[in-house]
Undergrad: 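One structure is given below, represented as structure tokens, and several questions about it will come after.
Every value quoted in this text rests on a predicted model; they were computed, and no experiment measured them.
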Amino acid sequence: MAKPNPLKHPLLKYFISILLVSLSYILGIYTSSNNSTSPPLQEQKQPLNCHQLNFSLPVLDFESHHTLSLPQEPLRNLQFFNFCPPNFTNYCPCHDPSRETDFTAERFFSRERHCPEPYEKPMCLVPRPAGYKTPFSWPKSRDYAWFKNLPFKELSEVKKTQNWVRLEGDLLVFPGGGTSFRKGVKGYVDEIKRFVPLKSGSIRTVLDVGCGVASFGAHLMDYNILTMSIAPSDKHEAQLQFALERGVPAMLGILSIHRLPFPSRSFDMAHCARCLVPWTKYDGLYLMEIDRVLRPGGYWIFSGPPINWKANYKGSEVGAQELEQEQARLEDLAVRLCWKKVAEKGAIAVWRKPNNHIHCIIKSRIWKSPRFCTNSDPDAGWYKKMEPCITPLLNVTDIHDISGGSLEKWSKRLNIAPPRTKSEGISGAAFEGDNQLWKRRVRHYGIILKSLSRGRYRNIMDMNAGIGGFAAALTQYPVWVMNVVPYDAKQNNLSIVYDRGLIGTYMNWCEAFSTHPRTYDLIHAHGVFSMYMDKCSILDILLEMHRILRPEGAVIIRDHVDIVVEVKGIAEKMKWNGRILHSENGAFHPEKILLIDTCC
């Protein structure tokens, strides 16, 4: 009998097959690790610092082999940007006092936005003042600020008797006074709420014109009312910077030639306390602009001369007869706008805009009233010249109907699709989907930036706000958000942002924002660089972000991975150490996050 061949045993064949496959696999791994151009993701070991405390995700390392075409910045030979000279500490590019003489002072045009040409922009970093300190957290910031952050004594001296602001040692103290409320803003607001339902939830968004240091808007926050305070850059140096340092929404702005940068029907109430606006001049142009941005049924509060001129003319620089005539002109203009006077008490007068224009259209055929605007987009608000005409409200069938539909009271209106979503082609399901999307994204931000939930941020800017989903998801925190909608965005939804009870503005990010340096704690840029890559320089946008970001602030940039890599390279030359992280969509999604935290 022949001896069996052990090589023909079936178990041996099986063992040899496994051995060959294993050797092949090991050889493949070795070859791949030596030839690959993309290193695997791995956690980088760094000294412990504030960034590591905030991050729990690995750093992503990308080589520059992406396919998206990007504009080339002339920065390859530049190691770091230098700081600008000390006189740039409070530089506002589009509101530069040194440029005012280049423009006519007629109708305050010299105080409007006048931005430098690209070749005029300084290629340097705006420095902080000497001795700058971290601002106080909200709500303490409403009452106190460090003088070295705002080293301006003039306002505390000129307005000393009016209690705008006091200098006490190294602190600026805001006692809540103002030109029209020398006894305190609380008493002033108590007078207003006798005629206006401030506690009802129907008043949520307010426009304060000529706001001073924004004590009015600061106090309205006790009523869950969000105020957009505007004032020009004028002799009351840095009054808007005082407001923002306090953690109160504000931006530089003036009624001049162009419309305010807001959509129609944005505000539930508008306010002017001795704001020095010539309301009855230029055919009532400025009051017509207030009418444009007021909602149907909205209130206009006006205090100071010429109101109650009989009691106040003795202390005024203007004679009694002139004050009487000015109040008569103001009353007449309000009637021709179809406003109803609600009350006049002391130096405060209250008017209300109609819910619709049914009666107004009839009256315009009989009275000498301003014409209705016919050919202009009522929501256009970016370098759009004002016209002496009444912005028409949407047609209704019944005298009791609210033009454009009614809004929910705050806070229900935040998460319920407002009527204007339909006209913008946004379904209820799409609105709710956007809400849930941003809740998920903000939860992810809370993981990678833990200081978000620790009260470190107060003033937040969303550079491309969409319908306000990011801001809506942040209402759980003690913050407010400036929702910026690029004026040429494919979908202009700033009106929806306001209908939700949020605030914001139109903007072109090829220009500088209407604010002072160091006024925002956190900047969120979703798709901004993709939007502007063919319009202007990435560098210009980043330098502007650096200007308005507070020291120890943070930036969240989410965009296509190719753009994020490009932006990170430029940011590093600005001494911003950013980290590229996966978004909440995971490792295989092309959208990534560049997180910059300047806390250390």
Undergrad: Is the shortest heavy-atom distance from the side chain of P261 to the side chain of Y487 under 4.5 Å?
TA: no
Undergrad: Quick one: does Y498's side chain have a donor or acceptor within less than 3.5 Å of a partner on G504's backbone?
TA: yes
Undergrad: State which residues pass salt bridge (Lys or Arg N to Asp or Glu O under 4.0 Å) with E432; sequence neighbours excluded, sorted by chain then number.
TA: none
Undergrad: Hey, could you give me the CG/CH2 distance between L287 and W339, rounded to the nearest 0.5 Å?
TA: 4.0 Å
Undergrad: Begin from the C-alpha positions of I307 and I348 and carry the test side chain to side chain contact (heavy atoms under 4.5 Å, CB included) through to its verdict.
TA: CA-CA 7 Å; I307 303 301; I348 301 173; over 6 Å; no
Undergrad: Hey, does the side chain of W138 reach the backbone of V479 with a donor-acceptor pair shorter than 3.5 angstrom?
TA: no
Undergrad: Of V248, D521, L244, which is the lone residue that meets side chain to side chain contact (heavy atoms under 4.5 Å, CB included) with R458?
TA: D521
Undergrad: Is L549 close to M461 at the side-chain level, that is, under 4.5 Å between some pair of heavy atoms?
TA: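 No - every pair of side-chain heavy atoms lies 4.5 Å or more apart.
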Undergrad: Any side-chain to backbone donor/acceptor pair from R329 onto K281? Under 3.5 Å, distance only.
TA: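 Flag not set: sc R329 to bb K281 has no pair under 3.5 Å.
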Undergrad: Can you name the nearest heavy-atom pair linking S215 to V185, along with the distance?
TA: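 Heavy-atom minimum between the residues: O-CG2, 3.8 Å.
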Undergrad: Pick out which of N415, I416, I467 makes a side chain to side chain contact (heavy atoms under 4.5 Å, CB included) with N435.
TA: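 Of the listed options, the one satisfying the test is N415.
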Undergrad: Using only atom types and a distance under 3.5 Å, with no angle test, would you say the side chain of R352 pairs donor to acceptor with the backbone of V342?
TA: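 Checked: no pair found.
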Undergrad: According to the salt bridge (Lys or Arg N to Asp or Glu O under 4.0 Å) rule, which pairs have a member within residues 257-273, sequence neighbours left out?
TA: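 Residue pairs passing salt bridge (Lys or Arg N to Asp or Glu O under 4.0 Å), neighbours aside: D268-R295, D268-R413.
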Undergrad: If you take all heavy atoms of I523 and M463, which pair is closest and at what distance?
TA: CG2-SD, 3.5 Å
Undergrad: Angle between ring planes, F513 versus W509, binned at 30° and 60°: parallel, tilted or perpendicular?
TA: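 Geometry flag for W509 against F513: parallel rings.
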Undergrad: Between K353 (side chain) and D291 (backbone), is there a donor-acceptor pair under 3.5 Å?
TA: yes
Undergrad: Could you note down all residue pairs passing salt bridge (Lys or Arg N to Asp or Glu O under 4.0 Å) where residues 476-495 supplies at least one of them, sequence neighbours left out?
TA: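 Checked against salt bridge (Lys or Arg N to Asp or Glu O under 4.0 Å) - neighbours excluded - the pairs reaching residues 476-495 are D488-K535.
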Undergrad: Any luck finding a side-chain donor-acceptor pair between Y188 and S303 under 3.5 Å?
TA: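 Present: a donor and an acceptor within the cut-off.
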Undergrad: Can you tell me how far the CZ atom of F108 sits from the CD1 atom of I257, to the nearest 0.5 Å?
TA: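 One finds 10.0 Å between CZ of F108 and CD1 of I257.
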Undergrad: Quick one: closest heavy-atom pair of G210 and C275, and the distance?
TA: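 Closest pair (atom of G210, atom of C275, distance): CA-CB, 4.1 Å.
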Undergrad: Is there a side chain to side chain contact (heavy atoms under 4.5 Å, CB included) between V442 and L474? Walk through the geometry before answering.
TA: CA-CA 7 Å; V442 168; L474 286 171; 3.9 Å; yes
Undergrad: Does any part of the side chain of Y445, heavy atoms only, come nearer than 4.5 Å to the side chain of F470, both counted from C-beta?
TA: yes
Undergrad: Specify the closest pair of heavy atoms between C94 and E511, including all atoms of both residues, with the distance to one decimal.
TA: SG-CB, 4.5 Å
Undergrad: Could you tell me whether a side-chain N or O of Y506 sits under 3.5 Å from a main-chain N or O of V485, the two making a donor and an acceptor?
TA: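 Side chain of Y506 to backbone of V485, a donor-acceptor pair under 3.5 Å: no, none is there.
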Undergrad: Measure the CD1-SG distance between I390 and C360 for me, rounded to the nearest 0.5 Å.
TA: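 The distance works out to 4.5 Å.
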Undergrad: Please determine whether a side-chain nitrogen of the Lys or Arg among D190 and R194 lies less than 4.0 Å from a carboxylate oxygen of the Asp or Glu.
TA: no
Undergrad: So, E408 and R204, do they make that salt bridge, N to O below 4.0 Å?
TA: no
Undergrad: Determine whether L285 and R107 make a side-chain contact, defined as any pair of heavy atoms from C-beta on separated by less than 4.5 Å.
TA: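 They are in side-chain contact.
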Undergrad: Indicate yes or no: at least one non-hydrogen side-chain atom of F216 is less than 4.5 angstrom from one of V189.
TA: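 Yes - at least one pair of side-chain heavy atoms lies under 4.5 Å apart.
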Undergrad: Any side-chain heavy atom of F242 sitting closer than 4.5 Å to one from W164?
TA: no
Undergrad: Could you tell me if the side chain of I230 sits less than 4.5 Å from the side chain of M251, heavy atoms only?
TA: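 The answer is yes; the side chains approach within 4.5 Å.
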Undergrad: Measure from the side-chain N and O atoms of H357 to the backbone N and O of P392, and report whether any donor-acceptor pair falls under 3.5 Å.
TA: no
Undergrad: Picking from F267, W279, F195, what satisfies ring pair (Phe, Tyr, Trp, His ring centres under 6.0 Å) with W300?
TA: W279
Undergrad: For the residue pair N483 and R500, confirm or rule out a side-chain donor-acceptor distance under 3.5 Å.
TA: no
Undergrad: Identify which one of T205, V196, L207, T227 satisfies the side chain to side chain contact (heavy atoms under 4.5 Å, CB included) criterion when paired with M269.
TA: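 Considering T205, V196, L207, T227, a side chain to side chain contact (heavy atoms under 4.5 Å, CB included) with M269 is found only for V196.
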Undergrad: Output the distance between atom CD1 (I399) and atom CD1 (I358), rounded to the nearest 0.5 Å.
TA: 4.5 Å
Undergrad: Are W351 and L330 side-chain neighbours, meaning at least one heavy-atom pair lies under 4.5 Å?
TA: yes
Undergrad: How about N464 and H526: does a side-chain donor come under 3.5 Å of a side-chain acceptor?
TA: no
Undergrad: Distance alone, cut at 3.5 Å: any donor-acceptor contact between the side chains of S514 and R113?
TA: yes
Undergrad: Any donor-acceptor pair under 3.5 Å linking the side chain of S403 with the backbone of L394?
TA: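 Yes, the answer is positive, given that a donor and an acceptor are paired below the 3.5 Å cut-off.
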Undergrad: Taking the basic N atoms (NZ, or NE/NH1/NH2) and the acidic carboxylate oxygens, is any pair closer than 4.0 Å for D143 and K140?
TA: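 So D143 does not pair with K140 through a salt bridge.
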Undergrad: How many angstroms lie between CZ in R292 and CZ in F262, if you round to the nearest 0.5 Å?
TA: 9.0 Å
Undergrad: For residues P263 and S495, report the shortest heavy-atom separation together with the two atoms involved.
TA: CG-N, 3.6 Å
Undergrad: Would you say the side-chain atoms of T280 pair up with the backbone N or O of E326, donor to acceptor, closer than 3.5 Å?
TA: no
Undergrad: Is it true that a side-chain atom of W309 and a backbone atom of E322 form a donor plus acceptor pair closer than 3.5 Å?
TA: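 Not a single qualifying donor-acceptor pair exists.
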Undergrad: Considering non-hydrogen atoms only, spot the tightest contact between P249 and M221 and give its length.
TA: CD-CE, 3.3 Å
Undergrad: Going by atom types only, do N459 and R246 share a side-chain donor-acceptor pair under 3.5 Å?
TA: no
